[in-house]
There are 2 protein chains.
Amino acid sequence: MTHPARRPMRCDAEANRARIIAVAREALSQDPDATLKPIAKLAGVGPGTVYRHFPTREDLLVTVYRSEVEALLDTAPLIARQDPRAALRHWLERLAAHGRTGSAASQAVRAATRADPENPYYTRIRLVLTELMAACRTAKQLRSDVTAGEVLLLMSYVWNLDGSSDPEHTACRVLDIVMDGLCPGTAPTHRVMSTQDSAMT
Amino acid sequence: MTHPARRPMRCDAEANRARIIAVAREALSQDPDATLKPIAKLAGVGPGTVYRHFPTREDLLVTVYRSEVEALLDTAPLIARQDPRAALRHWLERLAAHGRTGSAASQAVRAATRADPENPYYTRIRLVLTELMAACRTAKQLRSDVTAGEVLLLMSYVWNLDGSSDPEHTACRVLDIVMDGLCPGTAPTHRVMSTQDSAMT
DNA sequence: ACCTGAACACCGTTCAAGT
DNA sequence: ACCTGAACACCGTTCAAGT
């Protein structure tokens, strides 16, 4: 997506890049804060090579967990067939579900929800959220003045659920409050937050 | 507060500690992410001495910006004389005001609002917020099921206002939503968020 | 064009040796 | 009891030298 039709890399470069990604996924699954140097060594390349392909750590995260972020994006149109307010809540629950894990994948999702122009996914995340919100708005189930960027800001709490006993319960309760703030005077859609329903591709 | 009646330190230790704090305040005011080693050098002590007095960076932040955090705590009873809902909002605005600065002081406030048992201020922050909320509750201006810890989670957004153009405006709008979520069916208390009214000691 | 890997300028942290 | 400061085990990043 970042470089859709670049002229192909030299084949050794391509192979190195693929190997770095594979090794990084493995290493990051064990330690979400794994550093670049050991990854380079495991991939059998010099640190300069990793740095060449992925100038920053976030670039690597974005690439490795591309599919996770895109799964979140793809969920939106599927969800959107239900009641608009339930759809919005459901999608925000999917987002919140990443907060509890603390995995490297969740770091990538977190980066994609921050208002960072460097991140290629932020715009798309905001777009699908905007559409979910638009549906609510036409159904008069959403306050008219709020933007997707502001909702993403409100969701910042999901990355701070550590320290809470029963993070899942807390996430759900706080989302109740967020939804009530977003849809004043609407009957509250209640928690359905399933523990593990990641298989929604 | 941490050690109110410890037996006095040796006088050179006391002097070193005071000098470290003074130097750290100065260095952190210029660079919020200033590191410990240069601070040690500027204070004329070895790095081990800094580490002895402040085992972790947060310990140093807590000590240096003690007065800022306590100013926030002291604001609560003063504010509490107004309408409960306005008081709650006003205090949350004071909290949010720290989000925009990005200063080292704001890092200390941020640490004090995270559910971290190591931080001596979190309990007190939660306490004053609980009292502000209790006043709202008896006035039927707050949903009954929400806790102070959950409200602090909701306020996580204030630390992510960078990236937003006009952070002050955004902070205010998002706080509107939070307040509406907290006080459903209540007439919205509108934004008074003053730009700089830190002189409220 | 791409990779290597030593080198640079850091970081926090420790701990034997001093006073 | 407290401080010193060299030493340790890292970090990300760069860049001349290779292929």
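Naming: A, B, ... by sequence-line order, numbering from 1 per chain.
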* To do: Whole angstrom is fine here: how far is it from NZ in Lys41(A) over to P in dC3(C)?
  => 18 Å
* Structure fact -> Heavy-atom nearest nucleotide on DNA chain D taken for Arg52(B) and for Ala34(A); more 5' hit belongs to Arg52(B)
* Asked: Think His53(A) has a side-chain N or O under 4.0 angstrom from the OP1 or OP2 of dC2(C)?
  -> no
* Please examine the side chains of Leu88(A) and Met179(A), heavy atoms only from C-beta on, and report whether any two atoms are closer than 4.5 Å. => yes
* Short N-O contact, Arg85(A) and Asp180(A), less than 4.0 angstrom -> yes
* To do: For DNA chain C, just give me the dot-bracket, please: Watson-Crick or G-U, both distances below 3.5 Å, ( ) intra-strand, [ ] crossing earlier pairs, | paired with another strand, . unpaired.
  => ||.|||||...|||||.||
* To do: Output the single nucleotide from dC11(C), dG12(D), dC3(D) whose closest atom is nearest the side chain of Asn16(B).
  => dC3(D)
* Asked: For Ser106(B), does its backbone N or O pair with a side-chain atom of Ser103(B) as donor and acceptor, under 3.5 Å?
  -> yes
* Structure fact -> Asp12(B) has its side chain closest, among dC3(D), dT4(D), dC3(C), to dC3(D)
* Please answer whether the main-chain N or O of Leu142(B) pairs with a side-chain N or O of Arg137(B) as donor and acceptor at a distance below 3.5 Å. => no
* Do Gln107(A) side-chain atoms and Pro32(A) backbone N/O form a donor-acceptor pair below 3.5 Å? -> yes
* Asked: Can a salt bridge be assigned to the pair Arg100(A) and Asp166(A) using a cut-off of 4.0 Å between side-chain N and carboxylate O?
  -> no
* Using 4.0 Å as the upper bound for N to carboxylate O, is an ion pair formed by Arg114(A) and Asp162(B)? -> yes
* To do: Look at the side chain of Trp91(A) and the backbone N and O of Leu72(A), then say whether any donor-acceptor pair between them is shorter than 3.5 Å.
  => yes
* Asked: Would you find a donor on one side and an acceptor on the other, under 3.5 Å apart, between the side chain of Tyr157(B) and the backbone of Tyr157(A)?
  -> no
* Given atom CG of Asp33(B) and atom P of dG12(C), what is their separation to the nearest angstrom? -> 11 Å
* Structure fact -> Separation of dA1(D) atom P from Glu14(B) atom CD, nearest Å, is 16 Å
* To do: Without swapping roles, check the side chain of Arg25(A) against the backbone of Val64(A) for a donor-acceptor pair under 3.5 Å.
  => yes
* Below 4.0 angstrom, N of the basic side chain to O of the carboxylate: do Asp145(A) and Arg143(A) qualify? -> yes
* Asked: How many Å lie between CD1 on Ile39(A) and C1' on dG5(C), as a whole number?
  -> 18 Å
* CZ of Arg19(B) versus P of dC2(D): gap in Å, rounded? -> 15 Å
* Structure fact -> Residues in residues 20-31 of chain A with a heavy atom under 4.0 Å of DNA chain C, by number, are none
* Structure fact -> Protein heavy-atom contacts under 4.0 Å, written 5' to 3' over nucleotides 13-19 of chain C as B (base), S (sugar-phosphate only) or - (none), form the string BBB----
